[in-house]
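One structure below.
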Amino acid sequence: MIKEKLAEILRQALVEACENGKMGPLTKADAESGTIAIVIEKPKSAEHGDFACGMALKMATLVKTSPLRIAETLAEYIGKSKAVESGAIAKITVAAPGFINFTLGTAWLTEVISDVHRQTTAYGRSTTGAGKKVLVEYVSANPTGELHIGHGRNAVFGSCLSNLMKFGGYHVDQEFYINDYGEQILHLGRCAWALYQRLLGKEVEYPAEGYPEEFLRDFVQKVVDAHGDKYLQSGEQGPSVVGDLVKDLIIENQKALLQNLGIKFDDWYSERSLHASGKVADVLKEFDKHGFTYEKDGAYWLKAQELGDERDRVLRKSTGATTYLANDAAYHLEKYRRGYDLVINIWGADHHGQVPGLKGAVRALGQDPSKLEVVLTQMVNLSRDGQTVKMSKRAGTVIMLSEVVEEVGVDATRYYLAESSPQNTINFDLDLAKKTSRENPAFYIQYAHARCCAILRRAMEPVVNAETGKTDQPPFSQTQWQEFLQEYQAGGEVFTALFDSDSTIAGHQKALIARLELFPEEVEEALKTRLPGRLARYAYDLANDLQKFYEVSRVITDQLSVSKARLGLIFATKQVLSNALGIIGVSAPERM
RNA sequence: GCGCCCGUAGCUCAGUGGAUAGAGCUCCCGCCUUCUAAGCGGGAGGUCGUUGGUUCGAAUCCAACCGGGCGUACCA
């Protein structure tokens with residue numbers, strides 16, 4: 001990355017300056033120790049060059065000289081570096097109050113385009129993850145109802161984060177935890193059993209506060225269609241038998257919807273299996289062994305307060321049933337034992353109160369709580385016609401995830417849910433998400449990708465003229481294109497034509513290249529902050545740069561060297577758009 | 001009450017220690033004989049919730065306060 005190269009040059013300049021006693025009391029050792037941070041940034045305004053460094057400002061107190069003087073001294077030493085001699089850096093300026101500004105020459109810029117051509121789908125990948133094993137658990141919705149937009153957010157975020165981390169060199173497993181145990185599942189059984197009997201002509205009462213009948217009826221009907229009245233005589237077993245069949249159908253339903261959204265889990269982990277295998281019972285013993293439990297009021301408690309929670313928590317109720325915390329602790333112990341280096345949970349923010357309890361439990365079990373990361377996603381408000389759609393089941397205004405996907409499509413749904421940082425509440429505008437114009441970023445980015453494809457087609461595929469019916473031959477043959485690709489990968493000369501263009505065009509081309517160069521860094525930053533949404537915004541900016549360039553300049557001209565260079569740039573842009581869209585899981589169409 | 005999250009243009013949001021705080025939408029004005037106008041350019045629009053502190057420098061860090069959301073179970 002160019003930033004790293006510049007930082008290295010600055011470091012070298014600093015070392016030399018110190019060596020020659022030009023940095024006050026600072027010695028060569030100080031300069032080499034790395035205690036002085038060298039941060040390269042992109043200036044907001046183009047008149048400050050392509051890159052800038054404000055290190056002189058921070059050094060002023062150490063060196064006991066004005067920042068401007070320090071910057072000038074450093075600039076002087078940089079001027080002697082190879083990068084300047086070779087033309088990689090075209091200009092170095094010093095600006096008040098002490099910024100060092102760099103303007104790049106052509107060498108590093110053309111290198112960026114070749115890099116994309118050489119690496120294609122791997123451009124931007126990093127080795128940060130170094131093959132570390134990560135488990136990302138998300139959605140984990142109860143198998144008792146429909147997925148709503150909040151689940152959708154959680155699902156899309158989890159999927160994007162997983163994609164990102166794979167791109168960043170991690171080995172990622174994605175998991176859905178099925179809450180198929182406990183009171184709510186028994187309740188589902190009672191509701192399903194009542195409906196089952198009703199559908200077969202028996203008059204029974206529907207349980208109070210039952211799950212919505214209109215939602216369950218279709219699933220129960222399927223059970224009737226498949227098994228008829230086979231379970232009618234099941235007696236006491238009825239609720240659990242029919243309930244399980246319905247539960248499985250609901251899970252299948254959730255699975256299908258998530259798959260439609262481009263999400264595929266490596267494992268669907270059953271909570272019930274934890275009980276069946278005795279792992280929940282084991283975890284209680286484990287807590288006991290570490291001395292973090294006590295009995296009170298007939299219940300079995302975890303000393304959670306000692307472990308960082310605000311109060312102690314019950315592990316086993318006086319009724320003998322284990323609590324959610326105990327089950328979850330067993331599940332997480334299981335995750336740790338499976339050998340993950342990192343365990344990431346994506347939870348709705350309404351569960352944030354449970355984080356200290358779970359972390360405490362992990363610690364009590366002798367595991368490292370720093371390996372457990374919980375990402376909390378805030379809620380999603382849906383709006384239509386400028387009005388918030390109130391999520392009221394009673395008023396019948398509740399809109400489910402399936403309806404949103406059906407209405408605005410997979411790509412727009414994913415884009416809008418991916419773009420925002422998890423800690424922000426999302427206002428999902430249904431009207432906006434459906435628009436096919438610049439207002440809708442998802443569309444805008446895809447349009448830019450399709451436009452690149454259109455140009456490339458034009459360059460090398462015959463076009464049938466609609467009016468004359470004649471076939472127009474393209475300027476370049478497939479064979480020539482293959483030769484171009486070779487040249488692009490080799491780099492250097494082939495792209496210099498880009499910088500011979502007039503200043504407006506050259507400026508737009510340079511901006512586009514600079515954006516391509518930024519991609520690996522954006523990936524790195526997104527990985528570090530666990531914010532895949534950055535890449536959604538990056539893709540938008542890249543699309544914008546492409547459109548600006550497209551507007552001022554033709555790609556295919558009557559000059560071979562120019563056409564060739566620009567086609568290479570367009571191809572690289574298309575590739576990076578596609579890589580970025582791939583991480584957020586939005587398709588990159590060839591035509592629109 | 002306590003805990004977590006949020007507060008930046010009329011709206012939706014970027015920006016988390018640096019130069020004149022940025023985009024899109026909305027409103028106004030321009031741009032299609034030529035690779036996709038599903039596009040591009042220009043204009044208008046701001047006490048960065050408030051007050052204090054740290055710093056050469058604060059939207060960004062700290063403290064208090066104000067406003068909004070969520071949570072605060074022997075539910076899951």
Side-chain angles (χ1 to χ4, degrees), chain A residues 39 41 43-45 47-48 52-55 57-58 60-61 66-67 95-99 101 140 142 144 179 181-185 187 271 296-301 309-311 313-328 348-356 376-379 381 383 386 416 419-429 432 435-441 443-444 446-448 450-459 463 474-475 508 529 533-534 537 540-541 543-544 546-557 563 566-567 570 591-592:
Chain A
V39 180
E41 49 206 24
K44 285 168 193 158
S45 154
E47 64 194 84
H48 297 123
C53 181
M55 65 190 286
L57 297 163
K58 293 192 173 72
T61 43
S66 78
F99 287 101
N101 297 328
S140 303
N142 289 335
T144 55
N179 302 119
Y181 178 90
E183 182 48 40
Q184 55 181 348
I185 211 81
H187 193 48
E271 180 180 3
K296 196 182 95 185
D297 305 334
Y300 199 57
W301 295 71
D309 205 347
E310 48 184 44
R311 73 168 76 83
R313 304 284 174 184
V314 172
L315 289 168
R316 194 180 58 218
K317 299 181 248 180
S318 51
T319 61
T322 52
T323 61
Y324 183 79
L325 177 60
N327 306 344
D328 225 23
D350 52 347
H351 290 96
H352 79 261
Q354 295 156 26
V355 177
L376 299 167
T377 59
Q378 293 293 327
M379 49 183 292
N381 294 318
S383 73
Y416 278 101
E419 180 201 38
S420 268
S421 298
Q423 74 271 18
N424 291 340
T425 305
I426 292 181
N427 291 297
F428 194 111
D429 185 332
L432 179 58
K435 285 194 181 163
T436 56
S437 70
R438 169 141 205 188
E439 297 164 62
N440 179 349
F443 227 90
Y444 182 76
Q446 292 182 312
Y447 185 67
R451 180 168 260 177
C452 290
C453 293
I455 296 168
L456 292 165
R457 275 197 300 275
R458 184 73 185 188
V463 182
H508 282 101
T529 54
R534 290 186 71 102
R537 273 173 256 124
Y540 183 83
D541 290 337
N544 187 226
L546 184 269
Q547 301 288 25
K548 284 177 177 169
F549 161 66
Y550 175 89
E551 206 59 36
V552 297
S553 165
R554 289 186 60 80
V555 172
I556 302 161
T557 66
S563 304
R566 289 183 183 161
L567 281 169
I570 291 298
R591 294 169 203 269
M592 290 177 81

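Chain naming here is simple, since letters A, B, ... match the order of the sequence lines and numbering starts at 1 in each. As the structure is a prediction and not an experimental result, all values here were calculated from the model.
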[atom1] atom, [N] versus [M]: distance in rounded Å?
{"N": "B/G52", "M": "B/G10", "atom1": "C1'", "result": "31 Å"}
{"N": "B/U16", "M": "B/C11", "atom1": "P", "result": "23 Å"}
{"N": "B/C66", "M": "B/A19", "atom1": "P", "result": "32 Å"}
{"N": "B/U54", "M": "B/C70", "atom1": "C1'", "result": "32 Å"}
{"N": "B/C32", "M": "B/A14", "atom1": "C1'", "result": "32 Å"}
{"N": "B/U33", "M": "B/C27", "atom1": "C1'", "result": "32 Å"}
{"N": "B/A64", "M": "B/G17", "atom1": "C1'", "result": "22 Å"}
{"N": "B/A59", "M": "B/G7", "atom1": "C1'", "result": "11 Å"}

Whether [X] contacts [N] is assessed here as follows: a side-chain N or O lying under 4.0 Å from the phosphate OP1 or OP2. Is that the case?
{"X": "A/Tyr444", "N": "B/C40", "value": "yes"}
{"X": "A/Lys435", "N": "B/A38", "value": "no"}
{"X": "A/Asn381", "N": "B/U12", "value": "no"}
{"X": "A/Lys548", "N": "B/G39", "value": "no"}

Original post:
If you pin A/Gly54 and A/Arg316 to their nearest nucleotides in RNA chain B, which one's is more 5'?
Top reply: A/Gly54
Subject >> Residue met sooner reading RNA chain B from 5', once A/Glu419 and A/Arg591 are mapped to nucleotides >> reply: A/Glu419
For [X], which contact category applies under a 4.0 Å heavy-atom criterion: base, sugar-phosphate, or nothing?
{"X": "A/Asp297", "value": "base"}
{"X": "A/Ala321", "value": "nothing"}
{"X": "A/Arg311", "value": "sugar-phosphate"}
{"X": "A/Ala459", "value": "nothing"}
{"X": "A/Ser563", "value": "nothing"}
{"X": "A/Glu271", "value": "sugar-phosphate"}

Shortest side-chain distance from [X], nucleotide among [options]:
{"X": "A/Arg554", "options": "B/C35, B/C74, B/A76", "result": "B/C35"}
{"X": "A/Ile556", "options": "B/C75, B/U36, B/C35", "result": "B/C35"}
{"X": "A/Leu57", "options": "B/G24, B/G18, B/A76", "result": "B/G18"}
{"X": "A/Asn427", "options": "B/U12, B/A19, B/C40", "result": "B/U12"}
{"X": "A/Gln354", "options": "B/C75, B/C74, B/G24", "result": "B/C75"}
{"X": "A/Glu551", "options": "B/C35, B/A14, B/C40", "result": "B/C40"}
{"X": "A/Ser421", "options": "B/G18, B/C74, B/A14", "result": "B/A14"}
{"X": "A/Asp350", "options": "B/A19, B/G71, B/U36", "result": "B/G71"}
{"X": "A/Met592", "options": "B/A76, B/G15, B/A38", "result": "B/A38"}
{"X": "A/Thr323", "options": "B/A38, B/A76, B/A19", "result": "B/A76"}

Counterpart base for [N], defined by Watson-Crick or G-U wobble contacts under 3.5 Å:
{"N": "B/C2", "value": "B/G71"}
{"N": "B/G39", "value": "B/C31"}
{"N": "B/U12", "value": "B/A23"}
{"N": "B/A63", "value": "B/U51"}

Original post:
Within the distance-only criterion (no hydrogens, no angle test), does the side chain of A/Arg566 pair as donor or acceptor with the backbone N or O of A/Arg554 below 3.5 angstrom?
Top reply: yes
Subject >> N/O donor-acceptor pair under 3.5 Å between A/Trp301 side chain and A/Leu315 backbone >> reply: no
**OP:** Kindly indicate whether the side chain of A/Gln423, heavy atoms from C-beta on, has any atom under 4.5 Å from the side chain of A/Leu376.
**Re:** no
Subject >> Contact check, side chains of A/Tyr550 and A/Val555, non-hydrogen atoms, under 4.5 Å >> reply: no
Is there a donor and acceptor pair, one atom on the side chain of [X] and one on the base of [N], closer than 3.5 Å?
{"X": "A/His352", "N": "B/G3", "value": "yes"}
{"X": "A/Gln547", "N": "B/A37", "value": "no"}
{"X": "A/Tyr550", "N": "B/U36", "value": "no"}

Extract from the structure each pairing of a protein N or O with an N or O of nucleotides 5-8 of chain B at less than 3.5 Å, listing the distance.
residue, atom, partner, partner atom, Å
B/C5, O2', A/Gln378, NE2, 3.4
B/C5, O2', A/Gln423, O, 2.6

Original post:
Any idea if B/C29 is syn or anti, going by the 90°-from-0 cut?
Top reply: anti
